[in-house]
Peer 1: 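Below: one structure in structure tokens.
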Protein chains: 2
Amino acid sequence: MKLITRNTDYSLRALIYMAKKGGIVSVRELERALKIPRAFLRKILQALNKKGILASQKGPGGGFRLLVAPKDLRLLDVASIFQGRVRLNECLFKRKACPDIRKCPLKRELDNIESYALRRLGAISLAALLK
Amino acid sequence: MKLITRNTDYSLRALIYMAKKGGIVSVRELERALKIPRAFLRKILQALNKKGILASQKGPGGGFRLLVAPKDLRLLDVASIFQGRVRLNECLFKRKACPDIRKCPLKRELDNIESYALRRLGAISLAALLK
DNA sequence: GACAAATGATACTAATATAGTATCATTTAT
DNA sequence: ATAAATGATACTATATTAGTATCATTTGTC
Ligand code: FES
Ligand code: FES
């Protein structure tokens with residue numbers, strides 16, 4: 001039961017590195033600095049690129065560059081990319097077993113926990129991780 | 001990212017059924033009532049038995065019986081059986097990458113979410129699920 | 001005692017999700 | 001021209017979760 005997966009984890013480390021350094025950073029450099037497998041990192045950064053969080057530059061001297069301001073990038077934004085819609089439960093309505101969904105105390109509780117988690121993940125920005 | 005797994009889910013349904021009905025209930029009966037695969041249910045109930053939540057009775061007319069009072073059984077107790085220690089993050093201290101664990105805002109935040117989740121899971125009892 | 005109905009124990013398989021690799025195409029600075 | 005970078009995408013590996021199968025043991029009933 002992990003709140004954030006490795007994709008998200010690696011993304012954050014790369015983003016932190018890029019935010020601190022500024023400008024264009026190649027995957028090769030990130031691999032050296034962060035000790036993250038290059039091919040995997042590439043896939044991850046390409047995803048961030050598609051989502052508009054990074055911009056890319058091909059060719060020698062190329063790489064990726066942070067497009068958004070660190071204070072505007074939320075942990076939830078990153079997690080959502082790799083972990084789809086971040087849900088902690090889908091409960092049992094597909095499979096009934098619960099007399100009345102609206103009154104179900106289990107669902108209510110799990111929903112509550114989920115929304116708390118989402119609120120917190122949505123509140124922490126990349127800027128906050130930079131110290 | 002699921003807060004509770006199927007093991008836990010099925011356990012709860014079985015426990016609710018047993019609490020409502022009282023007395024000894026066979027897996028066969030539970031299978032019919034809850035539409036959960038029998039072999040799987042058996043494995044689950046045997047685990048609950050080992051943990052002292054249920055008692056078992058062999059032979060014809062046998063089955064399982066709830067040993068603990070519904071108000072004393074927490075959702076967290078059940079989840080813990082199948083999901084090991086319920087942790088939402090182990091963060092990155094194994095893999096460093098973080099300058100100072102004690103000050104890390106990411107770890108602090110994830111820990112916070114986790115402890116909230118555990119507190120809530122620990123607060124809801126089987127009795128509360130019975131309506 | 002024979003038998004059938006139940007659980008105990010445990011090994012095995014299947015499905016899914018996560019993690020990671022490999023390859024070829026395209027762009028671009030020199 | 002070449003090499004260094006990303007783009008796209010298919011593939012493999014590992015771990016976790018879900019579920020099945022089988023044989024042994026206990027026990028109520030006739
Ligand atoms: S158990 Fe999920 S809606 Fe009730
Ligand atoms: S990132 Fe986990 S301790 Fe800092």
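Since the model is a prediction, treat every value here as computed from it, not as a measurement. Within every chain, numbering begins at 1; the chains are lettered A, B, ... in the order of the sequence lines, protein sequences first and strands thereafter.
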Peer 1: As an exercise, state the distance from CG of A/L121 to CG of A/D77, rounded to the nearest 0.5 Å.
Peer 2: 10.5 Å
Peer 1: Got a sec, which pairs hit ring-ring contact (aromatic ring centres under 6.0 Å, His included) with one end in residues 23-75 of chain B, sequence neighbours left out?
Peer 2: B/Y10-B/F40
Peer 1: Can you tell me the distance, in whole Å, between the CZ atom of A/F82 and the P atom of C/dG20?
Peer 2: 13 Å
Peer 1: Please compare B/R38 and A/F64 by the position of their nearest nucleotide in DNA chain D and report the one closer to 5'.
Peer 2: A/F64
Peer 1: Between D/dT6 atom P and A/K50 atom NZ, what is the distance in whole Å?
Peer 2: 15 Å
Peer 1: The side chain of A/Q46 lies closest to which of these nucleotides: D/dA8, D/dA18, C/dG20?
Peer 2: D/dA8
Peer 1: Quick one: A/K43 NZ to D/dA10 C1', roughly how many Å, whole number?
Peer 2: 10 Å
Peer 1: Below 3.5 Å between N/O atoms, which protein atoms pair up with nucleotides 25-30 of chain C? Just atom names and distances, please.
Peer 2:
{"unit_1": "C/dT27", "atom_1": "O4'", "unit_2": "A/K58", "atom_2": "NZ", "d": "3.4"}

Peer 1: Measure from the side-chain heavy atoms of B/R28 and tell me the nearest of C/dA6, D/dT20, C/dT21.
Peer 2: C/dA6
Peer 1: What distance do A/N7 atom CG and A/I44 atom CD1 have between them, rounded to the nearest 0.5 Å?
Peer 2: 4.5 Å
Peer 1: Any side-chain donor-acceptor pair under 3.5 Å between B/R120 and B/Y116?
Peer 2: yes
Peer 1: What's the spacing between A/R42 CZ and A/R28 CZ if we round to 0.5 Å?
Peer 2: 10.0 Å
Peer 1: Would you mind writing out the side-chain donor-acceptor pairs for residues 49-59 of chain B within the sub-3.5 Å range, not counting sequence neighbours?
Peer 2:
{"unit_1": "B/N49", "atom_1": "ND2", "unit_2": "B/S56", "atom_2": "OG", "d": "3.3"}

